[in-house]
Each structure stands twice: as C-alpha cells, then as structure tokens.
Amino acid sequence: MSAETPSVVGMKVTKGDVHVYQNGLGAVTPLYTVTVRSRVDGQLMKIFYTEGQSVKEGDPLAEIDTRPYQAALDQAKGQLERDKALLANAKVDLERYKTLWAQDSIPQQTLATQQATVAQDVATIASDEAAVETAQLNLTYCHIIAPITGRVGLRLVDPGNMVHSSDTSGLLVITQVQPITVIFPLAEDVLPPILRRFNAHEKLVVDAFDREMRRKLAQGSLLSIDNQIDTTTGTLKLRALFPNEDNALFPNQFVNARLLVEQHAGATLAPTAAVQRGPQGLFVYLAQPDGTVTLRPVKTGVTEGENVEVLDGLSPGDTVVTEGVDQLKDGGKVNLQLK
C-alpha cells in the first residue's frame with residue numbers, strides 16, 4: 001500500500017447480551033430509625049452500650065433509678081393485700097347477715113347494705129390490681145431495651161442526668177442497617193416497562209454505585225414504588241432493598257442507583273466509537289476484504305458501556321473502524337489494524 005493510505009484501527013462486531021438500565025441519584029434510607037426515650041422520669045444510672053455498637057432487639061441499653069418505682073410497687077401490693085382482707089371480712093359478714101335475715105332477725109336494708117359493701121370491696125380489689133400492674137410496668141420501664149436490631153448512634157444523655165418521659169431528644173437513636181434501602185427517583189416516561197414487570201412480581205435488580213458511578217457498592221432488588229408522581233419534577237420515587245451484610249451502605253449516604261429494566265439476549269454489539277453521525281443519520285465504516293471501507297448506515301438500540309446494540313446494518317463478525325474515521329471516505333483504501 002502507498003504511504004498515503006490512512007492507517008486505522010478496527011474492531012469486530014460481536015454477539016452478546018445488552019442490558020437496559022435506568023439510573024437515579026438516591027439516598028440510603030434505613031427501614032427503621034428509632035429514637036429511644038425513657039418512658040418514666042428518673043435519674044439515668046447506667047448505660048450498657050457503646051457508641052456505634054450493633055445491638056439486637058431486646059438487648060439492655062440503659063437503666064433508670066428503680067428505687068422510687070420499687071417502693072411504689074411495694075405500696076401498691078400492700079394496699080391490695082389490705083383490701084383483700086377487708087373483702088374477706090365483708091364476705092363473712094354478708095353470709096352471717098343472710099342467715100339472720102332468713103330468721104327475720106335483721107331488716108332487709110341491713111343485708112342490702114352489706115351486699116353493696118362486698119361489691120364495693122370487689123371493685124376496690126380490681127382497682128388495686130390495676131395499680132400493681134401499673135407500678136410493675138413503671139419498674140419494667142426503668143430497664144430500657146433495644147426495640148429493634150440495628151446500630152446505635154452517638155450518646156445523647158450521660159449517666160447521672162435526670163431524664164423525663166416528655167424529653168423530645170431521647171437517650172439515643174438506633175438505625176436498622178441490615179437490610180437497608182435506597183430511595184431514588186426516575187422520570188415518569190421510563191416507568192411503563194418497570195411497572196409492568198413490578199406488577200407481575202418479577203425481581204428487578206438494582207445496583208448501588210458511588211457518586212462518580214465508578215465503584216459498585218452493593219446489589220439489591222426493587223422493593224416498592226411510591227403511589228404518586230411528583231408533578232414539579234415529573235419523577236416517581238422507588239425504594240430498593242439491599243442486604244448490606246458488609247455495611248457498604250451508610251444511612252443518608254448519596255448513591256447512584258442503577259435499575260436493570262430488561263435484557264436483550266443475543267444482540268449484535270458494535271463499539272460505540274465506530275458509530276458516526278452524518279446528514280443521513282448514523283453510520284459506520286465497514287472494512288472490506290479488499291482493503292477498502294464502505295460507509296454503512298446503521299440503526300442502533302441500547303448503549304451499554306463501550307458497546308452499542310445494532311438493530312440493523314451489521315452482523316456479528318463484521319469489522320468496523322473505531323479510530324481514524326476522520327480520514328476516511330466511502331470506498332477508500334485503508335491500512336487496517338485490528339484491536
């Protein structure tokens with residue numbers, strides 16, 4: 001070939017699978033976030049956790065001074081026993097009055113009064129039992145336990161401080177991180193195929209990437225879809241669920257969510273660098289066996305990474321020019337190097 005023959009780089013057209021993705025910038029959101037508050041008033045005596053620790057539901061977290069509530073429980077139990085004794089005595093008197101009334105020794109009013117006294121004592125016993133249960137419950141509330149499994153945040157109150165059930169800030173915050181979710185928006189015009197598959201109960205895979213879309217952090221699946229489109233942005237929020245076993249996702253972290261909508265199997269794939277745009281539309285330079293190139297119009301589909309799906313114009317095994325296309329013309333000779 002002559003020195004004027006342009007040197008170009010070409011690549012083979014291949015056959016493979018291409019994936020259709022939709023991306024949205026989302027935020028990592030725990031399924032559950034609980035602010036743990038005291039349900040009784042008292043002095044915070046002990047804590048049983050360290051900041052950032054993972055806890056399981058039911059694990060002890062803190063202890064409020066139990067002495068006032070233990071005393072209240074003892075008092076309620078004592079009142080209950082006292083009123084039980086009064087009831088027992090009133091029942092004995094009632095049986096005696098029944099016998100005397102049968103003998104016509106006392107007026108009916110005396111019997112009725114004693115019956116009312118017994119009924120009143122029964123009601124008092126019920127009230128006392130409720131007071132004992134309340135006192136026992138308050139004593140139980142002094143021992144604060146984890147309501148969910150998750151990670152403990154920073155300590156909000158130090159031992160020694162007085163805490164109240166009305167405190168709004170709470171003692172600590174627990175967030176569930178395994179599993180965890182990502183909420184991300186998608187434009188309404190890309191929703192139909194997603195909704196079709198989701199409503200058919202198909203599993204839709206969602207990958208979480210870092211902000212630069214360079215590193216894959218985790219893989220999960222679509223969990224739920226919001227019930228209305230935001231009219232100001234024309235988007236709908238979706239929630240994806242991730243096992244997060246390696247704690248790669250952190251609450252309130254911004255991530256790129258990539259939803260796999262569908263897969264085209266056995267597609268014809270060409271390098272995206274080979275596809276050019278001209279007045280008549282998209283085209284490629286197709287290498288010929290005789291060392292020339294032919295301008296070939298193409299119709300493309302989905303782009304994934306460095307490849308594009310070719311719907312018409314090429315076949316697997318064809319060679320297309322990817323570098324040096326600005327030097328070419330239809331039917332021109334080339335010095336082709338395969339990459």
Side-chain angles (χ1 to χ4, degrees), residues 14-33 175-273 275 277 281-282 298-314:
T14 60
K15 185 177 182 179
D17 298 338
V18 64
H19 303 87
V20 181
Y21 293 104
Q22 294 296 338
N23 298 327
L25 180 61
V28 179
T29 307
L31 278 172
Y32 298 102
T33 299
T175 54
Q176 180 179 343
V177 294
Q178 294 177 340
I180 204 165
T181 69
V182 171
I183 297 178
F184 61 99
L186 289 181
E188 58 181 314
D189 56 355
V190 304
L191 292 176
I194 299 173
L195 294 175
R196 184 173 61 252
R197 293 190 60 195
F198 183 78
N199 293 333
H201 305 290
E202 295 183 33
K203 182 179 179 180
L204 292 168
V205 176
V206 181
D207 295 323
F209 286 80
D210 60 11
R211 291 288 294 271
E212 290 74 29
M213 205 67 184
R214 295 176 181 174
R215 185 167 61 93
K216 181 177 174 180
L217 303 175
Q219 185 175 87
S221 59
L222 187 63
L223 176 65
S224 56
I225 298 176
D226 203 358
N227 60 357
Q228 56 184 342
I229 293 174
D230 186 340
T231 56
T232 60
T233 61
T235 60
L236 182 69
K237 290 182 179 178
L238 295 82
R239 185 194 292 269
L241 182 69
F242 297 84
N244 202 32
E245 295 173 352
D246 57 355
N247 293 314
L249 301 179
F250 205 82
N252 295 334
Q253 175 185 5
F254 284 104
V255 296
N256 277 296
R258 189 179 72 170
L259 170 64
L260 176 58
V261 180
E262 55 185 331
Q263 176 177 304
H264 298 170
T268 300
L269 304 178
T272 53
V275 180
R277 182 178 295 276
L282 300 178
V298 294
K299 182 179 179 182
T300 61
V302 179
T303 299
E304 181 183 359
E306 297 181 351
N307 290 323
V308 62
E309 179 186 20
V310 179
L311 303 177
D312 186 40
L314 293 175

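The basis for the numbers below is simple: all heavy atoms, side chains too, and nothing from hydrogens, waters or symmetry mates.
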For a quick test of reading the model, state the closest non-hydrogen atom pair linking [X] to [Y] and the distance between them.
X	Y	value
Pro179	Leu241	CB-CD1, 3.6 Å
Thr175	Pro251	OG1-CG, 4.2 Å
Phe184	Gly24	CB-O, 4.0 Å

Inter-residue atom distance [X].[atom1] - [Y].[atom2], 0.5 Å rounding:
X	Y	atom1	atom2	result
Ile183	Thr29	CD1	OG1	4.0 Å
Phe198	Leu223	CZ	CG	7.0 Å
Ile180	Leu249	CD1	CG	6.5 Å
Leu217	Asn244	CG	CG	9.5 Å
Gln263	Tyr21	CD	OH	8.0 Å
Ile194	Leu186	CD1	CG	5.0 Å

Taking the side chain as every heavy atom from C-beta outward, state whether [X] and [Y] have any atom pair closer than 4.5 Å.
X	Y	result
Val28	Val255	yes
Glu188	Leu236	no
Asn23	Asn256	no
Arg211	Leu25	yes

Applying side-chain hydrogen bond (donor to acceptor under 3.5 Å, both in side chains), name anything that partners [X], two or more places apart in sequence or on another chain.
X	result
Gln22	none
Gln253	none
Glu202	Arg197
Gln176	none

Checklist entry - Got a sec, which residues hit side-chain contact (heavy atoms from CB on, under 4.5 Å) with Pro185, two or more places apart in sequence or on another chain? => result Thr235
Item to check | Listed partners of Leu195 passing side-chain contact (heavy atoms from CB on, under 4.5 Å), at least two apart | outcome: Leu191, Asn199, Ile225
Next on the checklist: Quick test of your reading: applying salt bridge (charged side-chain N to carboxylate O under 4.0 Å, His left out), list the pairs with at least one residue in residues 229-249, sequence neighbours left out, ordered by first then second residue.
Outcome noted: none
Checklist entry - Could you walk me through whether Val302 and His19 pass the side-chain contact (heavy atoms from CB on, under 4.5 Å) check? => result CA-CA 8 Å; Val302 179; His19 303 87; over 6 Å; no
Table please: side-chain donor-acceptor pairs of residues 203-210 below 3.5 Å, with sequence neighbours left out.
unit_1	atom_1	unit_2	atom_2	d
Asp207	OD1	Lys216	NZ	3.4
Asp207	OD1	Gln219	NE2	3.0
Asp207	OD2	Arg258	NH2	3.3
Asp210	OD1	Glu212	N	3.4
Asp210	OD1	Met213	N	2.9
Asp210	OD1	Arg214	N	2.9
Asp210	OD1	Arg215	N	3.3
Asp210	OD2	Arg215	N	3.3

Next on the checklist: Tell me every residue that passes salt bridge (Lys or Arg N to Asp or Glu O under 4.0 Å) with Lys299, counting only those two or more places apart in sequence or in another chain.
Outcome noted: none
Can you give me every donor-acceptor pair (side chain of residues 265-273, partner residue at least two apart or in another chain, under 3.5 Å) with its distance?
unit_1	atom_1	unit_2	atom_2	d
Thr272	OG1	Glu306	O	3.3

